**Student:** 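Take this structure first; my questions come after.
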Amino acid sequence: MAFITAAAAKTLAQVIPFVIEGIVALATLFKSSKKEEQAIANEESFDKSQANVEDIEKINTLLGTLKNAITADANRLEDQLRLLSGDFNNKIADMLHDMDVNSRNFEQINFKNERRIKNIFASEISSKLSLGNSRCLEILHMSAGESKENAITEFKNKILTNALSTIKDEVCENLQNGLDMMNSALKK
């Protein structure tokens with residue numbers, strides 16, 4: 001039979017709300033921009049090389065609206081992930097300190113990690129949902145309708161999944177650095 005320490009129970013109680021909010025934010029993120037996706041799907045085929053200034057402005061406005069809808073929810077999720085990661089990293093730094101290990105290096109790495117995480121979603125979204133992205137142009141070139149809507153939804157989901165994967169990698173790398181520092185201190 002496993003027992004949970006009071007400290008572990010306290011940590012778990014602190015983390016659970018972040019996890020729940022993160023799950024809700026994640027679910028919202030993948031569903032939040034349906035109206036904007038439909039607006040793009042209802043547009044006739046767009047060919048950048050033959051488009052006039054008005055057509056380009058219209059498409060850029062639609063893409064901007066979609067970006068804004070996704071980014072608002074993505075930023076909330078990103079904040080939750082940063083808070084959760086920061087909380088775990090602070091606990092590792094405290095443990096390192098309790099072991100009389102200089103945690104300054106880990107704290108600096110943690111700070112840099114949080115800064116890197118800060119704009120991963122915005123960077124992915126703005127670079128991919130643009131007239132400069134070939135896949136986005138392929139989708140815009142499709143005829144209006146359900147297949148275009150499915151393609152833009154699939155593309156958006158791929159962008160978000162890639163951003164989440166990048167954030168996961170950053171968080172895991174940082175946590176691994178902390179654990180490596182702890183293991184190194186324990187071996188001394």
Side-chain angles (χ1 to χ4, degrees), residues 17-89 109-175:
F18 289 114
V19 172
I20 291 171
E21 288 178 36
I23 291 168
V24 169
L26 185 59
T28 302
L29 178 63
F30 282 91
K31 295 180 181 180
S32 64
S33 56
K34 201 68 178 157
K35 180 178 75 169
E36 293 81 3
E37 292 166 32
Q38 287 172 340
I40 290 173
N42 291 335
E43 284 297 310
E44 292 303 317
S45 177
F46 174 82
D47 184 348
K48 183 179 174 183
S49 64
Q50 296 179 359
N52 60 37
V53 173
E54 291 169 356
D55 291 337
I56 291 172
E57 286 178 359
K58 183 177 182 179
I59 289 296
N60 273 329
T61 299
L62 289 170
L63 288 172
T65 303
L66 177 58
K67 287 179 204 180
N68 291 339
I70 299 167
T71 302
D73 288 330
N75 286 341
R76 281 191 289 279
L77 177 59
E78 192 174 79
D79 288 343
Q80 288 300 320
L81 293 171
R82 280 189 14 254
L83 286 172
L84 184 60
S85 172
D87 188 49
F88 281 121
N89 289 330
I109 292 169
N110 183 32
F111 179 73
K112 289 176 186 175
N113 185 48
E114 281 196 33
R115 282 199 334 234
R116 283 195 309 255
I117 290 174
K118 178 63 180 142
N119 293 308
I120 288 175
F121 275 118
S123 175
E124 281 290 309
I125 292 165
S126 63
S127 68
K128 302 289 190 300
L129 287 175
S130 71
L131 295 179
N133 181 278
S134 60
R135 178 63 183 138
C136 187
L137 285 174
E138 287 174 19
I139 294 168
L140 294 172
H141 193 63
M142 295 172 73
S143 298
E146 188 176 337
S147 61
K148 187 174 188 175
E149 183 177 350
N150 290 339
I152 194 73
T153 299
E154 182 180 305
F155 185 53
K156 175 203 73 172
N157 289 345
K158 182 179 180 185
I159 292 167
L160 296 175
T161 301
N162 288 343
L164 280 169
S165 179
T166 301
I167 290 172
K168 174 200 64 100
D169 292 345
E170 292 286 341
V171 169
C172 288
E173 179 183 331
N174 197 47
L175 289 173

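Owing to the predicted nature of the structure, the values given are computational and were not obtained by experimental measurement.
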**Student:** Let me confirm one number: the CD1-OG distance from I159 to S126, rounded to the nearest 0.5 Å.
**Tutor:** 9.5 Å
**Student:** Looking only at heavy atoms, which two atoms of A151 and I139 are closest? And how far apart?
**Tutor:**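 Closest approach of A151 to I139: O-CD1, 3.6 Å.
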**Student:** In Å, rounded to the nearest 0.5 Å, how long is the span from CD of E146 to CD of Q38?
**Tutor:** 10.5 Å
**Student:** Hey, what do you get for CZ (F46) to CG (L131), rounding to the nearest 0.5 Å?
**Tutor:**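 So the gap between those two atoms works out to 5.0 Å.
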**Student:** Which pairs, with at least one residue in residues 123-144 and sequence neighbours excluded, count as a salt bridge (charged side-chain N to carboxylate O under 4.0 Å, His left out)?
**Tutor:**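 Non-adjacent pairs meeting salt bridge (charged side-chain N to carboxylate O under 4.0 Å, His left out): E124-K128, R135-E138.
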**Student:** For residues A74 and I125, report the shortest heavy-atom separation together with the two atoms involved.
**Tutor:** CB-CD1, 4.1 Å
**Student:** Judged by atom type as modelled, is there a donor-acceptor pair below 3.5 Å linking the side chain of H141 to the main-chain atoms of S45?
**Tutor:**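 No, the answer is negative, given that no donor and acceptor are paired below the 3.5 Å cut-off.
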**Student:** Not counting sequence neighbours, list each pair that qualifies as a side chain to side chain donor-acceptor pair (under 3.5 Å) and has a residue in residues 47-62.
**Tutor:**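 Residue pairs with at least one partner in residues 47-62: E43-K58, D47-S49.
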**Student:** Any side-chain donor paired with an acceptor under 3.5 Å for T65 and E36?
**Tutor:**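 Absent: no donor and acceptor within the cut-off.
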**Student:** Mind listing the closest non-hydrogen atom pair of S130 and K67 along with its distance?
**Tutor:**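 For S130 versus K67, the nearest heavy atoms are CB-NZ, 4.2 Å.
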**Student:** Identify the residue among T153, L62, L129 that makes a side chain to side chain contact (heavy atoms under 4.5 Å, CB included) with I40.
**Tutor:**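 One option only clears the test, and that one is L62.
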**Student:** If I take atom CD1 from residue I120 and atom CG from residue L160, how far apart are they, to the nearest 0.5 angstrom?
**Tutor:** 13.0 Å
**Student:** Search all heavy atoms of L63 against all heavy atoms of C136 and return the closest pair with its distance.
**Tutor:**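 Closest approach of L63 to C136, heavy atoms only: CD2-SG, 3.9 Å.
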**Student:** When rounded to the nearest 0.5 angstrom, what is the spacing between CG in L140 and NZ in K148?
**Tutor:**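 Rounded to the nearest 0.5 Å, the CG-NZ separation comes to 5.5 Å.
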**Student:** What's the spacing between I167 CD1 and N162 CG if we round to 0.5 Å?
**Tutor:**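 The CG atom of N162 is 11.5 Å from CD1 of I167, to the nearest 0.5 Å.
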**Student:** Quick one: side chain to side chain contact (heavy atoms under 4.5 Å, CB included) partners of N119, sequence neighbours excluded?
**Tutor:** none
